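Note that the structure is a prediction, hence the values are computed from the model and not measured. Each chain gets a letter, A, B and so on, in the order the sequences are listed, and its residues count up from 1.
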2 protein chains.
Amino acid sequence: MPKLKRISESTISRLSRYYRALVQLDKDNYETVSSKDLANLEHLTPAQVRKDLSFFGSFGTRGLGYPVRELKDKIARILGVDQEWNVALVGIGNIGSALVSYKEFARQGFKIKLLFDNDQRKIGSNHKGIVIRDVANLTRELKDNHIEIVVIAVPPQQAQAVCDDIVKADVKAILNFAPINLKVPKGVSLRNENMAMELEHLSFCLVNDHYCEQG
Amino acid sequence: MPKLKRISESTISRLSRYYRALVQLDKDNYETVSSKDLANLEHLTPAQVRKDLSFFGSFGTRGLGYPVRELKDKIARILGVDQEWNVALVGIGNIGSALVSYKEFARQGFKIKLLFDNDQRKIGSNHKGIVIRDVANLTRELKDNHIEIVVIAVPPQQAQAVCDDIVKADVKAILNFAPINLKVPKGVSLRNENMAMELEHLSFCLVNDHYCEQG
DNA sequence: GAATGTGAAGGTTTTCACAGCA
DNA sequence: TGCTGTGAAAACCTTCACATTC
């Protein structure tokens, strides 16, 4: 009985973690798993696991636990990783090229279909079997190729302009690696990966260990 | 009058954002900034800004606002980015090599001093001016070189073993790119960058836009 | 007058605890 | 008996509102 309540960011992130754990449990031929086991695997509490899952339905059996395979598939459905997504990547610099070869992406159904850059020397060349296109045509090519998710890996100065072009192509999901706060209209989902910020978090913990709860 | 209360993760992350904004304001020769201005720059509320800062002291002047340069320096101090940190990177694959050239790191005082890999073909070779060492000697070399922060960019199967070696070297801060939940003892700070998880978050939003608050 | 610093209020997330079911 | 599902309680985080200071 899923209620139409807003789901918190943390619940969604934990869903990813449950999913990962369940994939492993399934590989290891476990049939069922209790909220306690699942919680231990991901260093969470059993109540948290049950509450999170309860937002989406009643997947378990009292006295027994959750059926591994079935729960895995249900969560895959909820997360949208039971289908393929067309992904484009803008900015084929250090991070961009690393992402092209990042195996975890393809494994989960995220297919990198298009690459873009603004460097004339790169445009037209092949990168791991994908031709690099001119970012000048970004909006049109995203539309023509039915891209659903775009990854931004350009320098911060160019990120907002690129982002605006992406939004114009009606793309509703953006993953941003540029260390800048992008503005997107309502209805567009934006996630940020900011490595410098994570390092700053760590240095904060090193300097202020009395404030900072362990790891 | 900083109280000895635990600081929330979100406050620490916002501190990084204030810092970035203040660096820019200082470059643009602003002398003072109000909580309202700072909030607008980072899409937050003025009350949030004031509350966050108040955990660490009273940096502003009533009726005037905060002195930009001074606040920037104070936050740099709090975040620990007023000093240099010795960083090592384990795993010189796609992501690892991208990180070596990531300019944002060095700019903030995070100096990559050592590189490690387990691939005999890579060990001993030069990567952007840094020699790649054998991960077999990880613990000893981290100790000998007074490394304070280690970045893990190895495949998930090897991540926990690498992590254990890092902990043995008394390193207290780890940034992990492997899609796995590492176990670290109390007192060690661990941050995770999980790109697959961010993409899953986006696909969740695409599939469940009714649950998912905008961007 | 203008904007900080901060208790108190309000909202959200997590944990508790137990009823309910296999 | 064992473990889920879930209201209620507790903890936590954000916003409000205003006294306070320049």
Roughly how many Å is it from [atom1] in [X] to [atom2] in [N], rounded to a whole number?
X       : N      : atom1 : atom2 : result
B/Phe59 : D/dC22 : CZ    : P     : 17 Å
B/Leu53 : C/dT4  : CG    : P     : 9 Å
A/Phe55 : D/dT6  : CZ    : P     : 11 Å
B/Lys36 : C/dG1  : NZ    : P     : 17 Å
B/Asp52 : D/dT14 : CG    : C1'   : 10 Å
A/Leu71 : D/dC3  : CG    : C1'   : 15 Å
A/His43 : C/dT14 : NE2   : C1'   : 18 Å
B/Glu9  : D/dT14 : CD    : C1'   : 17 Å

Item checked: side chain to side chain donor-acceptor pair (under 3.5 Å) against A/Arg17, all qualifying residues, sequence neighbours excluded -> A/Glu42, B/Asn181
The criterion is salt bridge (Lys or Arg N to Asp or Glu O under 4.0 Å); which residues satisfy it with [X], sequence neighbours excluded?
X        : answer
B/Lys72  : B/Asp26
A/Arg50  : none
B/Glu193 : none
A/Asp164 : none

Whether [X] contacts [N] is assessed here as follows: a side-chain N or O lying under 4.0 Å from the phosphate OP1 or OP2. Is that the case?
X       : N      : answer
A/Ser35 : D/dT4  : yes
A/Tyr66 : D/dG2  : no
B/Gln48 : D/dT15 : yes

Next item on the list: When you get a sec, tell me which of C/dC18, C/dT13, C/dT4 is the closest nucleotide to the side chain of A/Arg50?
Entry: C/dC18
Item checked: Where at least one partner belongs to residues 174-184 of chain A, residue pairs that pass salt bridge (Lys or Arg N to Asp or Glu O under 4.0 Å), sequence neighbours excluded -> none
Note to self: Can you pull out every side-chain hydrogen bond (donor to acceptor under 3.5 Å, both in side chains) where at least one residue sits in residues 81-100 of chain B? Sequence neighbours excluded, please.
What the structure shows: B/Asn86-B/Lys113
Margin query: Applying side-chain hydrogen bond (donor to acceptor under 3.5 Å, both in side chains) as the test, list every pair that has at least one member in residues 138-149 of chain B; sequence neighbours left out.
Written below: B/Arg133-B/Glu141
Checklist line | Listed partners of B/Tyr19 passing ring pair (Phe, Tyr, Trp, His ring centres under 6.0 Å), at least two apart | finding: none
Kindly give the atom pairs (protein nitrogen or oxygen, nucleotide nitrogen or oxygen) under 3.5 Å for nucleotides 20-22 of chain C.
{"residue": "C/dG20", "atom": "N3", "partner": "A/Arg62", "partner atom": "NH1", "Å": "3.2"}

Notebook entry, point to check: Do you know the tightest heavy-atom contact between B/Leu22 and B/Val33?
Noted result: CD2-CG1, 4.1 Å
N/O to N/O distances under 3.5 Å, protein versus nucleotides 8-10 of chain C:
none

Next item on the list: Would you please classify the geometry between the A/Tyr211 ring and the B/Phe56 ring as parallel, tilted or perpendicular, with 30° and 60° separating the classes?
Entry: perpendicular
Next item on the list: Establish, from distance only, whether the side-chain atoms of A/Thr11 and A/Ser8 form a donor-acceptor pair under 3.5 Å.
Entry: yes
Check: Which of residues 13-27 of chain A have a heavy atom under 4.0 Å from DNA chain D?
Finding: none
